[in-house]
S.K.: 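Provided herewith is a single structure, encoded as structure tokens, for subsequent inquiry.
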Amino acid sequence: MFIFDNRIEIHSPGLLPEGVSMESIKHGASVPRNKLLFNHGINLLPYTGAGSGITRALKFTPDIKFVNDETLNEFVVTVERRDVGENDVKNDRDSDREDRDKRDEEDRDNSLSAKYIENNEATKRDNDGVEEAKDRTNIVRIPYKQLSNVQKDVIQFCSIPRTAKEIMDHIGYYNNSKNMTTYVRPLLEMGYLEMTEPDKPKSKNQKYRKLRKE
């Protein structure tokens, strides 16, 4: 990909696959270049728009240019960048700021998760000092106002019991043990969430809900 002041060029090695033409691709014709990867990837990757990229791009920007360059043996897509000025620079800066804020939010969540794990392990090791272990556990109990926006979102989302997958889909992360440890487990330990089946933590019917304060 090459980004210029007035255009963006996307260069793909190889020509259009046999069976499609410059005109047919604009109407949705699609032939996978690597059928082995396509047949497996379409079932494994979280994406269902296989073959629709060009038609969707044309709806957004109708004047995209396509070149099937036989000399260089590559397919080139060119998108014109029009009216690039101060507003676009400002929008780019705002977007960068939002990205930084999101990274900071994730770093904060990961920091909380690491602190939770560290103190939880310390508690398990300290079998003789019950009071001391209790104090360590309290270290990760922070006020609601100091929680990250993502954590607050999870708590409010769980006003109705939710599955782990529903929670992860809601905040835009994969449903795996690492993200559960980062975003859900600390909230359980701090008393903001509770399991609907606490006696069966690994139950397939397990859900999480906001803990009601009496």
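Counting begins at 1 with the first residue of the sequence. These numbers come from the heavy atoms of this one structure, side chains and all, not from hydrogens, waters or symmetry mates.
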S.K.: Return yes when atom CD of E70 has more than 12 non-hydrogen atoms of other residues, nucleotides or ligands closer than 6.0 Å, and no otherwise.
M.R.: no
S.K.: About how many Å separate OG of S159 and CZ of R209, when rounded to the nearest 0.5 Å?
M.R.: 12.0 Å
S.K.: Can you see which heavy atom on S21 is nearest to which on L16, and at what distance?
M.R.: C-CD1, 3.8 Å
S.K.: So do L58 and F66 actually touch side chain to side chain, heavy atoms under 4.5 Å?
M.R.: yes
S.K.: Is there a chain of hydrophobic side chains (I, L, V, M, F, W, Y, each step under 4.5 Å between heavy atoms) that links V20 to V77?
M.R.: yes
S.K.: Under 4.5 Å between side-chain heavy atoms, counting indirect links through other Ile/Leu/Val/Met/Phe/Trp/Tyr residues: same cluster for F4 and I10 or not?
M.R.: no
S.K.: Name all pairs fulfilling the salt bridge (charged side-chain N to carboxylate O under 4.0 Å, His left out) condition that reach into residues 149-168, sequence neighbours left out, sorted by first residue then second.
M.R.: K165-D169
S.K.: I'd like to know if Y183 and Y144 are part of one continuous hydrophobic network [Ile/Leu/Val/Met/Phe/Trp/Tyr, side-chain heavy atoms within less than 4.5 Å].
M.R.: yes
S.K.: To the nearest 0.5 Å, tell me how far T182 OG1 sits from Q151 CD.
M.R.: 9.5 Å
S.K.: With heavy-atom distances below 4.5 Å as the criterion, would you say the side chains of I171 and F157 are in contact?
M.R.: no
S.K.: Nearest 0.5 Å, what's the NZ-CG distance between K210 and L187?
M.R.: 12.0 Å
S.K.: In Å, rounded to the nearest 0.5 Å, how long is the span from OG1 of T55 to NE2 of H27?
M.R.: 11.0 Å
S.K.: Any side-chain heavy atom of L193 within less than 4.5 Å of one from V184?
M.R.: yes
S.K.: Do M195 and Y208 touch side chain to side chain, with heavy atoms closer than 4.5 Å?
M.R.: yes
S.K.: Which pair of heavy atoms, one from C158 and one from I167, lies closest together, and at what distance?
M.R.: SG-CD1, 3.6 Å
S.K.: Could you tell me if the side chain of L147 sits less than 4.5 Å from the side chain of M190, heavy atoms only?
M.R.: yes
S.K.: Give a yes or no on whether I54 and V76 share a hydrophobic cluster (residues Ile, Leu, Val, Met, Phe, Trp, Tyr; joining criterion: side-chain heavy atoms under 4.5 Å apart).
M.R.: no
S.K.: Can you confirm whether R7 sits close enough to V79 that some side-chain heavy atom of one is under 4.5 Å from a side-chain heavy atom of the other?
M.R.: no
S.K.: Looking at A164 and M180, what are the two nearest heavy atoms and their distance?
M.R.: CB-SD, 3.6 Å
S.K.: Closest heavy-atom contact between R81 and I8?
M.R.: CD-CG1, 3.7 Å
S.K.: Starting at CG of N205, measure out to OG1 of T196 and round the result to the nearest 0.5 Å.
M.R.: 8.0 Å
S.K.: How close do Y174 and N179 get, heavy atom to heavy atom, and via which atoms?
M.R.: O-ND2, 2.8 Å
S.K.: Would a 4.5 Å heavy-atom cut-off, applied to side chains only, mark F75 and I25 as touching?
M.R.: yes
S.K.: Group every Ile, Leu, Val, Met, Phe, Trp and Tyr by side-chain heavy-atom contacts under 4.5 Å, then state whether I160 and M168 land in the same group.
M.R.: no
S.K.: Measuring from atom OG of S12 to atom CG of D69, what distance do you get when rounded to the nearest 0.5 angstrom?
M.R.: 12.5 Å
